[in-house]
Amino acid sequence: MSHEHEFSYSEADFEKIRKVIYHKAGINLSDSKKQLVYSRLARRVRALKLPNFSAYLHYLNDNEQEHEEFVNALTTNLTAFFREPHHFDILANHINKVKNQNRKLRIWCAASSTGEEPYSIAMTAVEAYGTYEPPIEIIASDIDSNVLREASAGIYSLARLESLSLTQKKQFFQRGKGSNSGKARVVEELRNLIDFKKINLLDSQWPLQPPFDIIFCRNVMIYFDKATQLSVLERMTKLMRPDGLYIAGHSESFSQAAHLVKLVGKTTYTLVTRKDAANEI
């Protein structure tokens, strides 16, 4: 594609990569992602001391252990604490509605990335219940094993905590000293609220037990084509309580899934009931 590249990278290489990542993770790469793919995978080509992308694709085909590295390299992990803050207001309101039901609230964060989102969910729960041991179960999953390790460790640079209030920083983080200066770690009580799991949303089975009160699946569906979006959403809604919430990303909408979910807030959905369906007729 460009003679300036360190490694030979042809149009055919890009097309093969598109097919493999779609098959492995459901990610639909557009033509505009050619350069991004090169920059992400060049690190693997270099690390494996291979001469070009064609050789890398042969290596990928012959070495199953490389599949995880391949998927990790091509998945995007843009996140922040309390990103899209209105969703956490919605979460707090929902908790206040169900907190007197004398049961455990169950939440699935389906794209946990480096952990900021599930920890924001946990902080919201602790604040809403007024205890470090709220009756809540949070499952946080991702396809990328590297970011899951980072999330589980719960160690962040102080710069990544800038969106938090001073009270939240003091309550939920321990500041590092010495070699850990400039970093902070999530307190153990918060880490204990979250169960991190590796889950590929394209797998035929998910290691999850229903029902869930809330599913956070934000800025994931945008990487899938319409058919994959519908298939994943259909499976997710089957795991939800009838009064549960599905929380999507700011650029995602489900007009093609009006038989499954209906909008009840800003990029927040609930299940379509039989009564809703009858009203549509």
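In this text the structure is predicted, and so the values were computed from the model without any measurement.
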Colleague: Any carboxylate oxygen within less than 4.0 angstrom of a Lys/Arg side-chain nitrogen, looking at Lys197 and Asp195?
Modeller: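 A salt bridge is present here (some side-chain N lies under 4.0 Å from a carboxylate O).
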Colleague: Can you tell me if Glu69 uses its side chain to pair, donor with acceptor, with the backbone of Glu66 under 3.5 Å?
Modeller: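 Not a single qualifying donor-acceptor pair exists.
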Colleague: Under the side chain to side chain contact (heavy atoms under 4.5 Å, CB included) rule, collect the residues that match up with Asn93, sequence neighbours excluded.
Modeller: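 Once residues adjacent in sequence are excluded, Asn93 has no partner under the side chain to side chain contact (heavy atoms under 4.5 Å, CB included) criterion.
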Colleague: Between Leu161 and Phe172, is there a shared hydrophobic cluster once you connect ILVMFWY residues whose side-chain heavy atoms come closer than 4.5 Å?
Modeller: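 Yes, same cluster.
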Colleague: Working note: Ile199 + Leu208, criterion side chain to side chain contact (heavy atoms under 4.5 Å, CB included); need CA distance, chi angles, decisive distance, verdict.
Modeller: CA-CA 10 Å; Ile199 296 178; Leu208 300 169; 4.0 Å; yes
Colleague: Between the side chains of Thr114 and Glu150, does any donor sit under 3.5 Å from an acceptor?
Modeller: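 No, because no side-chain N or O of Thr114 sits under 3.5 Å from a partner of the opposite role on Glu150.
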Colleague: If Ile, Leu, Val, Met, Phe, Trp and Tyr residues are connected whenever their side-chain heavy atoms lie under 4.5 Å apart, and connections chain through other members, are Phe88 and Leu105 in the same group?
Modeller: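 Looking at the clustering, Leu105 is in the same group as Phe88.
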Colleague: Hey, what do you get for CG (Leu41) to CZ (Phe14), rounding to the nearest 0.5 Å?
Modeller: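 Spacing of CG (Leu41) from CZ (Phe14) equals 10.5 Å.
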Colleague: Can you tell me if Asp203 uses its side chain to pair, donor with acceptor, with the backbone of Gln205 under 3.5 Å?
Modeller: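 Looks like no, no N/O pair under 3.5 Å.
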Colleague: What pairs meet the ring-ring contact (aromatic ring centres under 6.0 Å, His included) rule with one or both residues in residues 130-153, with sequence neighbours excluded?
Modeller: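 Not a single pair qualifies under ring-ring contact (aromatic ring centres under 6.0 Å, His included).
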Colleague: Hey, are the side chains of Leu193 and Val126 touching, using non-hydrogen atoms and a 4.5 Å cut-off?
Modeller: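 Yes - at least one pair of side-chain heavy atoms lies under 4.5 Å apart.
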Colleague: Where the side chain of Ser165 meets the backbone of Gln168, is there a donor-acceptor pair that is under 3.5 Å apart?
Modeller: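 Yes; at least one donor-acceptor contact below 3.5 Å.
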Colleague: Do Ile143 and Leu201 pass the side chain to side chain contact (heavy atoms under 4.5 Å, CB included) test, and can you show the C-alpha distance, the side-chain angles, and the key distance before you say yes or no?
Modeller: CA-CA 8 Å; Ile143 192 174; Leu201 295 180; over 6 Å; no
Colleague: Please check if the side chain of Thr228 supplies one atom and the backbone of Phe224 the other of a donor-acceptor pair under 3.5 Å.
Modeller: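 Flag not set: sc Thr228 to bb Phe224 has no pair under 3.5 Å.
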Colleague: Ring-plane angle category for Tyr56 and Phe53, please: parallel below 30°, perpendicular beyond 60°, tilted otherwise.
Modeller: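 Ring orientation of Tyr56 relative to Phe53: perpendicular.
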Colleague: Looking only at atom types and distance, does a side-chain atom of His94 sit under 3.5 Å from a main-chain N or O of Leu245, one as donor and one as acceptor?
Modeller: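 No; judged by distance alone, with no hydrogens or angles, the pair does not exist.
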Colleague: Identify, with sequence neighbours excluded, every residue that meets salt bridge (charged side-chain N to carboxylate O under 4.0 Å, His left out) alongside Lys238.
Modeller: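 Not a single residue meets the salt bridge (charged side-chain N to carboxylate O under 4.0 Å, His left out) criterion with Lys238.
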Colleague: To the nearest 0.5 angstrom, please state how far the CZ atom of Arg83 sits from the NE2 atom of His86.
Modeller: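 With rounding to 0.5 Å, CZ (Arg83) is 11.0 Å from NE2 (His86).
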Colleague: Here's a test for you: under side-chain hydrogen bond (donor to acceptor under 3.5 Å, both in side chains), which of Lys104, Lys97, Arg103 qualifies with Asp213?
Modeller: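 Exactly one option meets the side-chain hydrogen bond (donor to acceptor under 3.5 Å, both in side chains) with Asp213, and it is Arg103.
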Colleague: Which pairs, with at least one residue in residues 138-169 and sequence neighbours excluded, count as a ring-ring contact (aromatic ring centres under 6.0 Å, His included)?
Modeller: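 Sorted pair list: Phe81-Tyr156.
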Colleague: Does Asn200 have any side-chain hydrogen bond (donor to acceptor under 3.5 Å, both in side chains) partners at least two apart in sequence or in another chain, and if so, which?
Modeller: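 If we apply the side-chain hydrogen bond (donor to acceptor under 3.5 Å, both in side chains) test to Asn200, skipping adjacent residues, there are no hits.
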Colleague: Is the backbone of Ala25 close enough, under 3.5 Å, to the side chain of Tyr223 for a donor and an acceptor to pair up by distance?
Modeller: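 Side chain of Tyr223 to backbone of Ala25, a donor-acceptor pair under 3.5 Å: no, none is there.
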Colleague: Show every salt bridge (charged side-chain N to carboxylate O under 4.0 Å, His left out) that has at least one partner inside residues 110-129, sequence neighbours left out.
Modeller: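 Counting only pairs at least two positions apart or across chains, the salt bridge (charged side-chain N to carboxylate O under 4.0 Å, His left out) contacts touching residues 110-129 are Glu116-Arg160, Glu117-Arg218.
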Colleague: Between CG of Leu36 and CG of Leu74, what distance do you get to the nearest 0.5 Å?
Modeller: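 Reported to 0.5 Å precision, the distance equals 7.5 Å.
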Colleague: Do Ser30 and Ser32 have side-chain atoms, one donor and one acceptor, less than 3.5 Å apart?
Modeller: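 There is such a pair (donor and acceptor under 3.5 Å, judged by atom type) between the side chains of Ser30 and Ser32.
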Colleague: For Ala258 versus Val272, what's the shortest heavy-atom pair and its separation?
Modeller: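 Taking Ala258 first and Val272 second, the nearest heavy atoms are O-CG2, 3.3 Å.
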Colleague: Indicate whether any N or O donor in one side chain lies under 3.5 Å from an N or O acceptor in the other, for Thr270 and Asp243.
Modeller: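 Result is no, nothing qualifies.
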Colleague: With no hydrogens and no angle check, is any side-chain donor or acceptor of Ser152 less than 3.5 Å from a backbone partner on Arg149?
Modeller: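 No; zero donor-acceptor contacts below 3.5 Å.
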Colleague: For the pair Val147 and Ser112, evaluate side chain to side chain contact (heavy atoms under 4.5 Å, CB included) and give the outcome as yes or no after the intermediate values.
Modeller: CA-CA 8 Å; Val147 296; Ser112 67; 5.8 Å; no
Colleague: Would you kindly confirm whether Leu263 and Ile215 end up in one hydrophobic cluster when ILVMFWY residues are joined by side chain heavy atoms under 4.5 Å apart?
Modeller: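 The answer is yes; both residues are in one hydrophobic cluster.
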Colleague: Answer yes or no: is there an ion pair linking Glu11 with Lys16, defined by an N-O contact shorter than 4.0 Å?
Modeller: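 No, Glu11 and Lys16 are not salt-bridged.
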Colleague: What verdict does the side chain to side chain contact (heavy atoms under 4.5 Å, CB included) test give for Tyr59 and Leu57, after you've listed the backbone C-alpha separation in whole Å, the side-chain angles of each residue and the deciding distance to 0.1 Å?
Modeller: CA-CA 5 Å; Tyr59 180 87; Leu57 285 163; over 6 Å; no
Colleague: For Val264, does its backbone N or O pair with a side-chain atom of Thr268 as donor and acceptor, under 3.5 Å?
Modeller: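 Side chain of Thr268 to backbone of Val264: no pair is present.
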Colleague: Taking everything shown except Lys99 itself, do over 12 heavy atoms lie less than 6.0 Å from its NZ?
Modeller: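 More than 12 heavy atoms, drawn from other residues, nucleotides or ligands, come within 6.0 Å of this atom.
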Colleague: Answer with yes or no whether the hydrophobic clustering places Val232 together with Leu239; edges join I, L, V, M, F, W, Y residues whose side-chain heavy atoms lie under 4.5 Å apart.
Modeller: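 Yes.
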Colleague: Which atom pairs, donor and acceptor, lie under 3.5 Å between side-chain atoms of residues 175-191 and protein residues at least two apart or in another chain?
Modeller:
| from | atom 1 | to | atom 2 | distance (Å) |
| --- | --- | --- | --- | --- |
| Arg185 | NE | Ala153 | O | 2.9 |
| Arg185 | NH2 | Ala153 | O | 3.4 |
| Arg191 | NH1 | Val186 | O | 2.5 |

Colleague: Take Asp225 and Tyr22 through the test side chain to side chain donor-acceptor pair (under 3.5 Å) and record every step on the way to the result.
Modeller: CA-CA 9 Å; Asp225 59 23; Tyr22 181 81; 2.6 Å; yes
Colleague: Under the side chain to side chain contact (heavy atoms under 4.5 Å, CB included) rule, collect the residues that match up with Arg235, sequence neighbours excluded.
Modeller: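 Counting only residues at least two positions away or on another chain, Arg235 forms a side chain to side chain contact (heavy atoms under 4.5 Å, CB included) with Trp206.
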Colleague: Can you tell me how far the OG atom of Ser251 sits from the CD1 atom of Ile222, to the nearest 0.5 Å?
Modeller: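 One gets 4.5 Å once the value is rounded to the nearest 0.5 Å.
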Colleague: Taking only residues two or more places apart in sequence, or in another chain, which ones meet His250 in a side-chain hydrogen bond (donor to acceptor under 3.5 Å, both in side chains)?
Modeller: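 Only Glu84 meet the side-chain hydrogen bond (donor to acceptor under 3.5 Å, both in side chains) criterion with His250.
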Colleague: Taking Thr75 for its side chain and Asn72 for its backbone only, find out whether a donor-acceptor pair lies under 3.5 Å.
Modeller: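 Indeed, once roles are kept as given, a pair shorter than 3.5 Å links the two residues.
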Colleague: Using the six-membered ring wherever Trp is involved, compare the ring planes of Tyr269 and Tyr246 and label them parallel, tilted or perpendicular (cut-offs 30° and 60°).
Modeller: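 The rings of Tyr269 and Tyr246 stand perpendicular, inter-plane angle above 60°.
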Colleague: Excluding sequence neighbours, so at least two apart, what forms side chain to side chain contact (heavy atoms under 4.5 Å, CB included) with Ala159?
Modeller: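 Counting only residues at least two positions away or on another chain, Ala159 forms a side chain to side chain contact (heavy atoms under 4.5 Å, CB included) with Ser157, Glu162.
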Colleague: Determine whether Tyr129 and Phe212 fall in the same hydrophobic cluster, where Ile, Leu, Val, Met, Phe, Trp and Tyr are linked whenever their side-chain heavy atoms lie under 4.5 Å apart.
Modeller: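 Tyr129 does not cluster with Phe212.
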Colleague: Is there side-chain contact between Ile21 and Val71, with at least one heavy-atom pair below 4.5 Å?
Modeller: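 Result yes, sub-4.5 Å side-chain heavy-atom pair found.
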Colleague: Taking only residues two or more places apart in sequence, or in another chain, which ones meet Asn61 in a side chain to side chain contact (heavy atoms under 4.5 Å, CB included)?
Modeller: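 With sequence neighbours excluded, Asn61 shows a side chain to side chain contact (heavy atoms under 4.5 Å, CB included) to no residue whatsoever.
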Colleague: Got a list of side-chain donor-acceptor pairs under 3.5 Å for residues 135-142, not counting sequence neighbours?
Modeller:
| from | atom 1 | to | atom 2 | distance (Å) |
| --- | --- | --- | --- | --- |
| Glu137 | OE1 | Arg106 | NE | 2.9 |
| Ser141 | OG | Trp108 | NE1 | 2.9 |
| Asp142 | OD1 | Asp144 | N | 2.9 |
| Asp142 | OD2 | Ser113 | N | 2.9 |

Colleague: Any idea which heavy atoms bring Ala125 and Pro134 closest together, and the distance?
Modeller: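 In this case the closest contact between Ala125 and Pro134 is O-CB, 4.2 Å.
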Colleague: Tell me, yes or no, whether the heavy-atom count around Asp62 atom CG, taken from other residues, nucleotides or ligands under 6.0 Å, exceeds 12.
Modeller: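 Yes.
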Colleague: When you measure from the side chain of His87 to the backbone N and O of Lys266, does any donor-acceptor pair fall under 3.5 Å?
Modeller: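 Judged by distance alone, yes, a pair lies under 3.5 Å.
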